[in-house]
Number of protein chains: 2
Amino acid sequence: ILSLDKVVKRYPMGQTEVLALKGVSLTVEPGELLAFAGPSGSGKTTLLNIVGCLDQASEGEVILDGQRVNGLSAADLGRLRAEKVGFVFQSFNLIPVLSALENVELALRLGGQPPDRARAEQALVDVGLADQLHRRPNQLSGGQQQRVAIARALVKAPKLVIADEPTANLDSVNGAAVLDLMRKLNEERGATFLFSTHDNLVLSRVNRIVRLRDGEIVADERVSR
Amino acid sequence: ILSLDKVVKRYPMGQTEVLALKGVSLTVEPGELLAFAGPSGSGKTTLLNIVGCLDQASEGEVILDGQRVNGLSAADLGRLRAEKVGFVFQSFNLIPVLSALENVELALRLGGQPPDRARAEQALVDVGLADQLHRRPNQLSGGQQQRVAIARALVKAPKLVIADEPTANLDSVNGAAVLDLMRKLNEERGATFLFSTHDNLVLSRVNRIVRLRDGEIVADERVSR
Ligand SMILES: Nc1ncnc2c1ncn2[C@@H]1O[C@H](COP(=O)(O)OP(=O)(O)OP(=O)(O)O)[C@@H](O)[C@H]1O
Ligand SMILES: Nc1ncnc2c1ncn2[C@@H]1O[C@H](COP(=O)(O)OP(=O)(O)OP(=O)(O)O)[C@@H](O)[C@H]1O
Ligand SMILES: [Mg+2]
Ligand SMILES: [Mg+2]
């Protein structure tokens, strides 16, 4: 479902530049549950943004579900992302003027699917927010906002879900419930999950761990459960 | 340094209201390292915002460093906060157009202290960001932004530091380094620390754990280290 070949990412910084990814090559099979681990600043978010069609690589090849991604226009990248990828941002990125339910419904509409209130409601119930459907993001706690962002990514039943620190603001009970939900989607629909995380709970529930350090892959462990 | 008596917090929600805190009473001695734990949505951020003079309680008494806080004007609350409290927000709240160094320098100026570039620089070096001084928040990773927010709270050497999930976006190495820094300030200057957290690393490093559930204190354990 995903193939990366010598992916490099440079950020302009005044006269010089920051080399966030130094040549990352990786192949992911459909249905994998894969976590990227590594210190703060090691390149996890940068890599997930490129794989999730949110940002372009500076060099190298990115192939998503058989389609070459590097070099696409911003409009094509956006269409590909809305149809094929469910994304949970590290900073949630919820729309402030919309309620939790409206935020989730919007994801269905942007993904080219008919808005379906019952389906959006069920996605929020699945993450434990049945009582907070009509709240706006600033009326929710940090962990509740994160769970809205997760429901929004999962409601489209995408083939590929990318989640950047999905349990960072959750207690272990809510964290485990979210991971159970993701494993269920993985087993029932064969969805592929790519996480970034510092959380040992997440690392104990995936079947592959790729470790990054200073923009390079330093380990790649398959784990049997 | 802090005394809460039957603190209640209600949020207006259409026709009804949400009862986020249902009557919380608590006394904190100077120099304590105290963590609030509890499920997502249990009231941790609401409590820290009231203690940190960012929000007003609906009922009850809040006394900070001998001064009654409830009923103060927004201007007086702001002055009290800038002088006495260092605050690390769950969502960082960095100023996007300022660099990491400028964000930290601003905290000194707002706290009524002379801007001191060397002191601001040292605070960023202490959290491992010596190479990122001149970056703006959108040029930093999630964990790096969180460490700027921590440096900004600590640079004023406040009597009371309030940190809402200070290690949520950090790997264990950076997390431990931040906690070591806070313990050092606690032991050398007698600063009081109030955290909220889901992180067992933090819970293993404090000397008191107060557990919240649905807006009430359900446990209060002193732990000797
Ligand atoms: N502005 C608001 N309007 C209505 N309800 C609110 C508002 N802010 C918070 N709440 C509610 O108050 C309760 C407590 O929220 P709080 O942010 O204190 O939780 P928390 O313990 O910090 O959770 P987390 O671990 O998810 O950050 C939650 O149920 C939340 O939905
Ligand atoms: N827009 C940018 N401009 C310059 N440098 C950047 C930019 N965005 C990220 N970086 C740098 O690229 C490196 C990788 O950042 P990235 O956000 O991918 O890290 P991360 O592994 O997700 O870290 P964390 O665990 O803290 O979220 C960091 O050193 C960061 O400072
Ligand atoms: Mg990141
Ligand atoms: Mg909170």
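Atoms considered below: every heavy atom in the structure, side chains included; atoms not considered: hydrogens, waters and symmetry mates. Letters A, B, ... mirror the listed sequences (proteins, then strands); counts begin at 1.
Between atom CD of residue B:Gln90 and atom CD of residue A:Gln146 there is a gap of 9.0 Å, rounded to the nearest 0.5 Å. In this structure, the separation between NE2 on B:His198 and OG1 on A:Thr167 is 10.0 Å, given to the nearest 0.5 Å.
For A:Gln139, the part lying near chain B is the side chain, with the backbone staying farther off; criterion is any non-hydrogen pair under 4.5 Å.
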Item to complete: Show your reasoning for whether side-chain contact (heavy atoms from CB on, under 4.5 Å) applies to B:Arg135 and A:Val18.
Response: CA-CA 11 Å; B:Arg135 297 225 195 138; A:Val18 173; 3.4 Å; yes

Item to complete: Begin from the C-alpha positions of B:Ser40 and A:Arg147 and carry the test side-chain contact (heavy atoms from CB on, under 4.5 Å) through to its verdict.
Response: CA-CA 10 Å; B:Ser40 169; A:Arg147 283 183 281 157; 2.9 Å; yes

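Contact tally against chain B (heavy-atom pairs below 4.5 Å) for A:Thr45, A:Leu170, A:Asp164, A:Asn200: the top residue is A:Leu170. In terms of non-hydrogen atom pairs under 4.5 Å with chain A, the most contact-rich of B:Gly128, B:Ala20, B:Ala168 is B:Ala168. Contacts with chain A were tallied for B:Thr197, B:Asp171, B:Val173; B:Asp171 has the most, counting heavy-atom pairs under 4.5 Å.
Using a 3.5 Å distance cut-off with no hydrogens or angles, the side chains of A:Glu165 and B:Asn169 do not pair a donor with an acceptor.
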